[in-house]
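One-based numbering, in listed order, for ligands and for the atoms of each.
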Amino acid sequence: MKIAVLAGDGIGPEIIAQAVRVLEVLKADGLAIELEYGLIGGCAVDATGEPYPEETHRLASQADAVLLGAVGGPQYDALPRQQRPERGLLAIRKKLNLFANLRPAMLYPELANASSLKYDVVAGLDIMIVRELTGDIYFGEPRGIDVRDGQRVGFNTMLYSEAEIRRIAHVAFQAASKRQSRLCSVDKMNVLECTQLWRDVVTEVSKDYPQIALSHMLVDNAAMQLVRNPKQFDVIVTGNMFGDILSDEASMLTGSIGMLPSASLDENNKGLYEPIHGSAPDIADKDLANPLATILSVAMMLRYTFNQEDAAQRIENAVKQVLAQGIRTKDIAEPGMESVGTHAMGDAVLSSM
Ligand code: IPM
Ligand code: MG
């Protein structure tokens with residue numbers, strides 16, 4: 001199991017360090033894990049001038065899976081767009097063809113009071129967002145800022161081919177068939193032609209999955225329903241940009257964005273695994289960051305890329321146990337509760353394992 005580890009910027013190195021400790025435990029217990037380290041994002045720009053250097057691409061291409069921390073920071077805000085740290089993330093997704101982004105939003109009962117929503121609204125929440133990750137307005141051409149009729153205009157292109165829609169729809173239907181067999185496809189077909197095609201193709205693909213109950217929802221309504229009654233959802237499938245926004249929203253239902261892992265898969269289940277939160281430069285190097293999303297990303301890696309369900313559950317159970325013991329980083333602590341740092345949270349997970 002060759003794993004490329006790309007810690008990135010901000011809190012990336014701290015949270016990755018704890019996830020690596022988890023991998024080392026599994027290795028000591030007999031899994032054939034091999035770790036190799038590379039640069040991505042702002043630290044890569046500092047070292048090489050590029051957010052996704054060729055050398056990192058070689059490393060990531062040769063690995064079976066990539067474990068990524070986070071990229072970005074205010075010191076990079078003035079860089080030209082092509083050099084921004086986020087470009088590194090978009091480049092690795094695109095170049096490795098990681099089109100299927102799985103973002104589970106699951107509420108641990110112990111954290112129900114950390115959610116900003118009422119307990120009854122979120123208790124038992126378990127949603128899977130399937131976000132298309134290599135198309136849409138993120139990558140569509142033409143794009144840019146031009147001058148037209150004497151003033152600047154900015155433009156991007158929302159574009160999906162039916163093949164792109166079809167393959168992410170298949171991933172979503174299959175995910176739904178392993179869960180509660182309900183799939184909600186989110187679009188904006190009342191305004192955007194691109195998403196009319198999305199709805200048409202998802203409906204066509206549904207004929208292959210008669211056992212799945214497919215529904216469609218407009219994105220503005222979906223944003224509202226996610227806070228009104230999130231438990232109506234099982235699997236949500238949507239495009240790159242709507243998925244970006246809805247998955248941040250869904251994360252807060254669970255109490256903290258610091259808890260949510262993700263997997264980004266290609267057609268052969270090679271994957272990149274990362275927490276869905278960002279680099280949080282304001283708390284970097286302070287031993288404050290929650291490493292659980294990254295540790296849970298390792299569990300997803302073992303499940304989806306390496307088919308090691310037992311090891312995946314071992315990690316997830318350790319996390320559950322730590323939460324049940326009342327151990328909290330600051331982001332998930334209730335008022336009046338004591339909290340521990342990043343490293344101590346790693347200690348707790350390791351001793352549970
Ligand atoms: C995410 C992030 C990225 C995205 C950024 C950092 C490019 O917000 O993974 O959700 O927009 O996809
Ligand atoms: Mg995002």
Side-chain angles (χ1 to χ4, degrees), residues 6-12 15-16 39-45 50-52 56 60 66-77 79-105 127-140 143 156-160 164 168 186 219 222-223 226 236-254 256-266 271-284 289-290 293-294 296-297 300-301 331:
L6 312 177
D9 310 315
I11 60 172
I15 53 178
I16 285 289
L39 298 174
I40 195 165
C43 61
V45 174
E50 300 199 27
Y52 185 53
T56 305
V66 178
L67 180 64
L68 192 141
V71 299
Q75 68 271 44
Y76 305 111
D77 281 351
L79 285 174
R81 190 154 289 276
Q82 283 307 325
Q83 279 188 329
R84 288 185 60 99
E86 292 80 5
R87 274 293 155 122
L89 192 54
L90 297 175
I92 191 172
R93 290 171 178 172
K94 188 76 177 174
K95 285 193 172 175
L96 296 183
N97 198 23
L98 305 169
F99 69 94
N101 184 209
L102 310 183
R103 298 191 160 186
I127 300 176
M128 173 72 85
I129 296 187
V130 178
R131 170 190 177 195
E132 201 289 330
L133 203 58
T134 52
D136 202 353
I137 196 164
Y138 270 52
F139 294 95
R143 61 192 298 157
N156 290 88
T157 303
M158 180 179 249
L159 188 150
Y160 268 121
E164 285 175 310
I168 193 69
V186 171
V219 64
L226 266 175
I236 293 175
V237 63
T238 190
N240 203 346
M241 185 166 65
F242 297 160
D244 179 44
I245 299 165
L246 294 180
S247 61
D248 264 31
E249 187 187 6
S251 76
M252 269 326 283
L253 305 174
T254 71
S256 170
I257 196 167
M259 292 299 299
L260 295 200
S262 77
S264 306
L265 305 173
D266 74 2
L272 178 149
Y273 298 83
E274 58 178 327
I276 88 154
H277 60 68
S279 58
D282 51 319
I283 61 164
N290 183 348
T294 316
L296 291 167
S297 298
M300 287 190 91
M301 174 189 291
D331 56 308

| In the protein, N/O/S atoms that are found under 2.8 Å from the Mg ion (ligand 2), waters not counted | D244 OD1
| field | Residues in the immediate environment of ligand 1 (any heavy atom closer than 4.0 angstrom) | value |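 Residues within 4.0 Å of ligand 1: E86, L89, R93, R103, R131, Y138, D244.
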Taking atom types as modelled, find out whether [X] and [Y] have a side-chain donor-acceptor pair closer than 3.5 angstrom.
| X | Y | answer |
| --- | --- | --- |
| E86 | Y76 | no |
| D9 | S279 | no |
| S251 | E249 | no |
| D244 | Y138 | yes |

| message | The criterion is side-chain hydrogen bond (donor to acceptor under 3.5 Å, both in side chains); which residues satisfy it with Q75, sequence neighbours excluded? | response | none
| request: Under the side-chain hydrogen bond (donor to acceptor under 3.5 Å, both in side chains) rule, collect the residues that match up with T56, sequence neighbours excluded. | output: none
| request: Begin with the C-alpha distance, continue with both residues' side-chain angles, and end with the deciding distance and a verdict on side-chain hydrogen bond (donor to acceptor under 3.5 Å, both in side chains) for N97 and D266. | output: CA-CA 5 Å; N97 198 23; D266 74 2; over 6 Å; no
| field | side-chain contact (heavy atoms from CB on, under 4.5 Å) assessment of I92 paired with L6 | value | CA-CA 11 Å; I92 191 172; L6 312 177; 3.8 Å; yes
| Donor-acceptor pair, side chain of N240 and main chain of G135, under 3.5 angstrom |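 Yes, because the side chain of N240 sits within donor-acceptor range (under 3.5 Å) of the backbone of G135.
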